[in-house]
*Asks:* 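Sharing a structure, written as structure tokens. Questions coming.
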Amino acid sequence: MTNLGRRGDVSPSVNIEEMEVSRWAIFIAALGLLAERARSSSRELTRLGERSVEIVRARLFARPPRPADFYDEPQSEISAFLSSCRRIFWSLAAFSGLSNLLMLTGSFFMLQVYDRVLPGRSIPTLVALLVLAMVLYLFQSGLDLVRSRISVRIGRYLDERLGLRVFDAVVRLPLKTRGDGDGLQPLRDLDQVRSFLSGGGPTALFDLPWMPIYLGICFLFHFWIGVTALLGALVLVGVTVLTETRTRGPARAFSRLGVARNALAAEGRRNAEVLQAMGMRRQAALRWQDVNSKYLSAHEQASDVASGLGGLSKFFRSFLQSLVLAVGAVLVINQESTAGIIIAGSILTARALAPVEVAIANWKGFVGARQSAHRLDRLLKLLPDEVSPLGLPAPKEALVVEQLYVAPPDSEKLILSDVSFQLKGGEGVGIIGPSGSGKSTLVRALVGVWPRLRGKIKLDNAALEQWSPDALGKHIGYLPQDVELFEGSIAVNIARFDLQATSQGVLDAAQAAGAHDLILSLPDGYATKVGEGGMALSAGQRQRIGLARALYGNPFLVVLDEPTSNVDSEGEEALTEAILNVRRRGGIVAVVAHRPKALEAVDHVLVIGEGRLQSFGPKEEVLNKVLRPAAPLRVVADGQGGGRWIAK
């Protein structure tokens, strides 16, 4: 039976202090549980953000083709890149919108604290508001993390899409125009644009449209608070426009002088031996110092304008916060507002004007990125991407030159005019003529390095432009006058960096050039590092290894520009044998020569004079026609017993 107790029994007394302690313990335990759940939610949000960024990256960056893409005029490659990022930019705008909405957390938290918590003296309300604010701040941090990672991946996507094109344009540019500078400015421009996209520049631009929304909320707080914030915003926008107009000129001069400064430094490095031997280092340093001083002046001017106007914007923004507080105090005194609106309005005004200050701080980077993008756009339009034509069979019959006219890159002045000749497989031609007559110009045109103004160069009846550069390069071996090797081993240089190269192919090329024993005599043989430009080797060694590179893969057409200029008698013998071997396997050889030894292995001679073909035909016939016999010499004794050579 249940003991209901007896009437008159007194219940035990309740300890009020213990009840209060237990309530506080429960409250603290609940608060700890909420904090633990918040930390767990933060970790989950971080992992979810990472997975989301990687999952949607491919979809956001891949724009499906639209019908207009097939009939509209082609966009510039920079514009096409920005168009392909349209989805990701919309995503960034959405994340920026959510982040900016969550930026209101601090203002409304202060408003509730001053208008609800303090008058009601409610600790539970304060704790609830604090937990809610913490959760909202966590979401805001997650959104900012996703925004920053998306921005970094936009920069990477830019490099993945345009990096190879820009490098290819850097290599092709000297063949198209005689550009000033060190030639690496396009790569620096690409880095500048990527740095801007990966940094805080785009996010600052996406935050700017939210400034009117913040100002509208200020007007909801009170009309005069909104008017004060609006006037401050107009002043800061004026400072931004002034920053743009004042930094445009110095930024352009800064960029132009930076290119010239780097070009002089690279020129001095290339000609270090001449500068040292002839005592020209000081003169070269003074030239560089003159350009560098102008470069520093332009940099200082641009930085002074940006930093000065940035400081002005910071001062005005700080003053504006105090001004908003003063306006709010006046409203509270006149009982037109509450104390919470004073604090909330001050915080919100500062937040409304923060994007303008960030934009001013990033304006120099924005201007630099815009100028870099314009330069890249002009470069890529000048050197459009080459479309690979239909693959052709390897040439094996003839080289035909028809009415060839050639001028240097970016010039209309003709160096060669109306040159025509034909060679069949197994034949070789020696190209001779006085200095400056156009011999090197002819061989540059034969290998497709210099542009043709008119005429045709054909391999087996297929013009050079019908071949892709990669395919044509496999059938051409070229040894220029100034032989430069690339950083790496001798074997890698001979193999032309071919990833499918075999050891036997490298050995065959070296043996065909007669350079096998020479290479084995080096400290590491074929693994010897040649250094930058091949400076670890002598000029003669570079020339013979360059000949081996020209013969790699048994090309059909081998063009050699003064191949004996730096070699000894052993090298000349090796060259003669190499030319004969090319002819024996059915190839064609064109040799520019000043020494008779280089003509021993050819059967035709072509004479160039004053930019025109003077004679072409079998070697003995042409040489007998154009070369005058040497006048016999005799020695005439003088009274001192010495002698001197005079023509008879």
*Asks:* Less than 4.5 Å apart, any side-chain heavy atom of V443 and any of V449?
*Replies:*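 Contact flag for V443/V449 side chains = no.
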*Asks:* How about CZ on R584, more than 12 heavy atoms from neighbouring residues, nucleotides or ligands closer than 6.0 Å, or not?
*Replies:*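 Counting neighbours around CZ of R584, more than 12 heavy atoms of other residues, nucleotides or ligands fall under 6.0 Å, so yes.
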*Asks:* Assess whether atom CD of E577 is packed by more than 12 heavy atoms of other residues, nucleotides or ligands within 6.0 Å.
*Replies:*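 More than 12 heavy atoms, drawn from other residues, nucleotides or ligands, come within 6.0 Å of this atom.
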*Asks:* Is I415 close to P408 at the side-chain level, that is, under 4.5 Å between some pair of heavy atoms?
*Replies:*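 When only atoms from C-beta onward are counted, I415 and P408 do touch, with a gap below 4.5 Å.
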*Asks:* List the residues meeting side-chain contact (heavy atoms from CB on, under 4.5 Å) with E402, not counting sequence neighbours, and say none if there are none.
*Replies:*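 side-chain contact (heavy atoms from CB on, under 4.5 Å) list for E402, sorted by chain: V400, K456, K458.
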*Asks:* How close do L190 and L162 get, heavy atom to heavy atom, and via which atoms?
*Replies:*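 Of all heavy-atom pairs spanning L190 and L162, the closest is CD1-CB, 4.5 Å.
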*Asks:* Assess whether a salt bridge exists between D159 and R194, defined as any Lys/Arg side-chain N lying under 4.0 Å from an Asp/Glu carboxylate O.
*Replies:*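 A salt bridge is present here (some side-chain N lies under 4.0 Å from a carboxylate O).
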*Asks:* Would the number of heavy atoms belonging to other residues, nucleotides or ligands and lying under 6.0 Å from NZ of K294 be above 12?
*Replies:*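 Not more than 12 within 6.0 Å, no.
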*Asks:* Counting only heavy atoms not in Q403, do more than 12 fall under 6.0 Å of its CD?
*Replies:*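 No, not enclosed.
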*Asks:* Mind telling me whether H475 and W467 have parallel, tilted or perpendicular rings, with 30° and 60° as the class edges?
*Replies:*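 It falls in the perpendicular class, over 60°.
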*Asks:* Which residue is it: I432, V429, V591? I am looking for the one with a side-chain contact (heavy atoms from CB on, under 4.5 Å) to L599.
*Replies:*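 By the side-chain contact (heavy atoms from CB on, under 4.5 Å) criterion, L599 pairs with just one of I432, V429, V591: I432.
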*Asks:* Does a sphere of radius 6.0 Å around CD in E465 hold more than 12 heavy atoms from other residues, nucleotides or ligands, not counting ones at 6.0 Å or beyond?
*Replies:*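 It does: E465 CD has more than 12 such atoms within range.
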*Asks:* For L613 and S420, which heavy atoms make the closest approach, and how far apart are they?
*Replies:*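 For L613 and S420, the tightest heavy-atom pair comes out as CD1-O, 3.5 Å.
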*Asks:* Please report the C-alpha distance between F486 and R549 in whole Å, then the side-chain angles of each, then the deciding distance to 0.1 Å, and finally whether the side chain to side chain contact (heavy atoms under 4.5 Å, CB included) criterion is met.
*Replies:* CA-CA 11 Å; F486 299 95; R549 180 177 62 188; 3.7 Å; yes
*Asks:* Which heavy-atom pair separates I494 from A509 by the least distance, and what is that distance?
*Replies:*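 Heavy atoms of I494 and A509 come nearest at CG2-CB, 3.9 Å.
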*Asks:* For D470, is there an ion pair with K474 - N to carboxylate O distance below 4.0 angstrom?
*Replies:*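 D470 and K474: not salt-bridged.
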*Asks:* Quick check: do V592 and L560 have side-chain heavy atoms less than 4.5 Å from each other?
*Replies:*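 Counting from C-beta outward, V592 and L560 never come under 4.5 Å.
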*Asks:* Is a side-chain donor or acceptor of D568 paired with a backbone partner of G571 at a separation under 3.5 angstrom?
*Replies:*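 Here the side-chain-to-backbone pair exists.
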*Asks:* For atom CD of Q422, is the number of surrounding heavy atoms from other residues, nucleotides or ligands below 6.0 Å larger than 12?
*Replies:*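 More than 12 heavy atoms, drawn from other residues, nucleotides or ligands, come within 6.0 Å of this atom.
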*Asks:* Going through the checks in order, is the salt bridge (Lys or Arg N to Asp or Glu O under 4.0 Å) test met by D561 and K439?
*Replies:* CA-CA 8 Å; D561 194 353; K439 302 184 299 298; over 6 Å; no
*Asks:* Are D418 and R454 within salt-bridge range, i.e. N to O under 4.0 Å?
*Replies:*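 No, no charged N to carboxylate O under 4.0 Å.
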*Asks:* R156 and S198: side-chain donor and acceptor closer than 3.5 Å?
*Replies:*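 Absent: no donor and acceptor within the cut-off.
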*Asks:* Considering residues, nucleotides and ligands other than L382, do more than 12 of their heavy atoms fall under 6.0 Å from its CG?
*Replies:*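 For L382, atom CG is crowded (more than 12 foreign heavy atoms under 6.0 Å).
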*Asks:* For the side chain of K396 and the backbone of G586, is there at least one donor-acceptor N/O pair under 3.5 Å apart?
*Replies:*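 Not a single qualifying donor-acceptor pair exists.
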*Asks:* Indicate whether any N or O donor in one side chain lies under 3.5 Å from an N or O acceptor in the other, for Y157 and R153.
*Replies:*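 Their side chains do not contain a donor-acceptor pair, so the 3.5 Å distance test is not met.
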*Asks:* Nearest 0.5 Å, please: how far is CZ in F421 from CG in L404?
*Replies:*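 L404 CG to F421 CZ: 8.0 Å, rounded to 0.5 Å.
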*Asks:* Looking only at side-chain N and O atoms, does S440 offer a donor or acceptor that is under 3.5 Å from a partner on Q481?
*Replies:*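 Yes, a side-chain donor-acceptor pair sits under 3.5 Å.
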*Asks:* If you measure from the Lys or Arg side-chain nitrogens to the Asp or Glu carboxylate oxygens, is any gap between K381 and E77 under 4.0 Å?
*Replies:*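 No.
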*Asks:* Please lay out, stage by stage, how R161 and S84 fare under the test side-chain hydrogen bond (donor to acceptor under 3.5 Å, both in side chains).
*Replies:* CA-CA 10 Å; R161 178 156 178 168; S84 69; 3.0 Å; yes
*Asks:* Using the six-membered ring of Y552, assess whether NZ or CZ of R496 lies under 6.0 Å from its centre and within 45 degrees of the ring axis.
*Replies:*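 The answer is no, since R496 fails at least one limit relative to Y552.
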*Asks:* Looking at side-chain heavy atoms only, is the closest gap between R261 and W288 below 4.5 Å?
*Replies:*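 Sidechains of W288 and R261: in contact.
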*Asks:* What closest approach, in Å, do A394 and D460 show between heavy atoms, and which atom pair accounts for it?
*Replies:*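 Distance-wise, the nearest heavy atoms are O-OD2, 4.1 Å.
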*Asks:* Take a 6.0 Å sphere around CG of D482 and say whether it holds more than 12 heavy atoms from other residues, nucleotides or ligands.
*Replies:*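 No, CG of D482 has 12 or fewer neighbouring heavy atoms, counting only those of other groups under 6.0 Å.
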